[in-house]
Amino acid sequence: MQLFDTLRRYKMLLDIKKVLDMSSGFHKLWHISTGVELGIFDNLVKTPMGSQEYAAVYDMDIELINAWMEIGASYGLLKKRGEVYSNTAFTETYLCTHSKHCFANFPWGITSMHSKLFEKLPELMRKREKYQISPELALKVAQGTRFLDNWALDVLLTLPVHEENCKVMDIGCGQGYYLIELAKRNQSLTGIGVELQESLCEEVNRRIKAEGLQDRLSVLYGNAKEINLGENYNICLINNMLYYLEKKDAMDLLKRAKKALKPNGVIAVQQPILTGNVDVGFVHWVILIFGGMGLLPRADLINLLKHEGFDQVTTKKIEPTGQWLYFIGKMKQ
Ligand SMILES: C[S@@+](CC[C@H](N)C(=O)[O-])C[C@H]1O[C@@H](n2cnc3c(N)ncnc32)[C@H](O)[C@@H]1O
């Protein structure tokens, strides 16, 4: 009964398909992480091979390798022709270290984070408390989306970030990557970041100083739910952060962001969307444990932005699988 109460509290029983997606995403992630740790994807780039040959060449347990490869093929992570396994386009692009799009550290980082969450889960469930994130974990979470940086920046550069005296606010700025990169590209751009983790704020302010941008950028330590956001911004960024808030807080933040923007200002919300695809299911699960509303389907996030006064909302794909999107909102003139 307690388990069901907890699941209900974390809104996990609202949609049974989401629960199944999460569970499946979880298993897939553990599988990917083991393959990354053992170097299986990298090794198969060199020579596709059968599990027996693989176990002999790399001195591994034949039964375990055989099981891993079979399950890997059933998840669509490997191709199987006869008895020979090789990478798919997905694993070759994202999980092999030779690829410039490799994000193999991301699933591995998230998986190790999961073990910490699992250790705490019974205690949290007993005490009905949300997970309190540590500074180390906060850094890992903020680092988790680094693989998106170049693609996401390409999208941001299509917004009016080059305008004279452009003023940018980045809510939940994490490591401050976007503020710094935008300020390097526009010498008159100024920006403020807001970040809940003190250790991250210190790190970003150090980086800002190291880049000589301290006259134009700064990061405020505080909770976006309460902090005064200021006014007259041209751009408001909320990158991979809105889903950590409960829905009513997310709506309130959007309302305050709208007030802080100039009338022709733009909001850009970066986040993965829940599709039938299980790949981001695990992200959703982690967020729910942290206590936020989790990932919304595309149409729901568009409606949320429209409800808070961003009348025109468009979406832009960030990375090739189409799971991470920018939701770009503008106000009616
Ligand atoms: C997944 S990270 C993304 C960081 C950065 N925006 C990026 O995309 O690289 C989410 C960040 O939001 C911050 N955050 C979460 N809730 C927040 C809140 N209520 N107020 C301010 N920052 C918050 C977290 O500390 C974390 O650094």
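Both backbone and side-chain heavy atoms feed into the values below; hydrogens, waters and symmetry mates do not. Each ligand, and each atom within it, is numbered from 1 in the order the structure gives.
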field: Validation row: Gln52, Glu83 side chains within 4.5 angstrom (heavy atoms)
entry: no

Next item on the list: State if Gln197 counts as touching ligand 1 under the rule of any non-hydrogen atom under 4.0 Å.
Entry: yes

Review point. With only distance considered, is Glu195 within less than 3.5 Å of ligand 1 through an N or O on each side?
Key: yes

Filtering Asn240, Val204, Asp249, Leu242 for the heavy atom nearest atom 10 (C) of ligand 1 leaves Asn240

Ligand 1 atoms nearer than 4.0 angstrom to some heavy atom of Leu245 are 19 (N)

One finds that the ligand 1 atoms under 4.0 Å from a non-hydrogen atom of Ala224 are 18 (C), 19 (N), 20 (N), 21 (C)

Per-atom filter on ligand 1: closer than 4.0 angstrom to a heavy atom of Gly222 are 20 (N), 21 (C)

Exercise. For the pair Asn87 and Leu78, evaluate side chain to side chain contact (heavy atoms under 4.5 Å, CB included) and give the outcome as yes or no after the intermediate values.
Key: CA-CA 5 Å; Asn87 282 303; Leu78 296 179; 4.0 Å; yes

- Query: Of all the heavy atoms in Tyr177, does at least one lie under 4.0 Å from an atom in ligand 1?
  - Reply: no

Taking Asp42 for the side chain and Thr97 for the main chain, is one N or O donor matched with an acceptor at less than 3.5 Å? yes

So CG of Leu148 and CD1 of Ile318: to nearest 0.5 Å the spacing works out to 6.0 Å

Under 4.0 Å between heavy atoms, the region of Tyr178 that gets near ligand 1 turns out to be side chain

key: Geometric N/O contact Arg146 with ligand 1, under 3.5 angstrom   = yes

### Task
Would you mind checking if Glu203 and Arg207 are paired as a salt bridge, meaning a charged N to carboxylate O distance below 4.0 Å?
yes

Quick look: Ala152 vs ligand 1, heavy-atom contacts under 4.0 Å, and the answer is neither

Does any N or O of ligand 1 fall below 3.5 Å from an N or O anywhere on Leu196, backbone included?
yes

Short version for Leu200: what comes under 4.0 Å of ligand 1, heavy atoms counted, is side chain

* Answer with yes or no whether the hydrophobic clustering places Ile71 together with Leu77; edges join I, L, V, M, F, W, Y residues whose side-chain heavy atoms lie under 4.5 Å apart. => yes

Closest heavy-atom approach to atom 6 (N) of ligand 1 among Ser199, Gly193, Gly172, Gly176 is made by Gly172

Is the closest N or O pair between Asn223 and ligand 1 shorter than 3.5 Å?
yes

Quick look: Leu148 vs ligand 1, heavy-atom contacts under 4.0 Å, and the answer is neither

Exercise. Please check if the side chain of Asn186 supplies one atom and the backbone of Glu163 the other of a donor-acceptor pair under 3.5 Å.
Key: yes

Atoms of ligand 1 under 4.0 Å from any heavy atom of Asn239, numbered from 1 in the order shown, are 3 (C), 5 (C), 6 (N), 8 (O)

Exactly one candidate in Lys255, Lys248, Arg256 meets salt bridge (charged side-chain N to carboxylate O under 4.0 Å, His left out) with Asp252; the answer is Arg256

Met241 heavy atoms within 4.0 Å reach ligand 1 at atoms 12 (O), 14 (N), 16 (N), 17 (C), 18 (C), 19 (N), 20 (N), 23 (C)

In this structure, CD1 of Ile235 is separated from CG of Leu159 (nearest 0.5 Å) by 5.0 Å

Any idea how Phe41 and Trp68 line up, ring-wise: parallel (<30°), tilted (30 to 60°), or perpendicular (>60°)?
perpendicular

Going by distance alone, is a donor N or O of one side chain under 3.5 Å from an acceptor N or O of the other, for Asn43 and Tyr54? yes

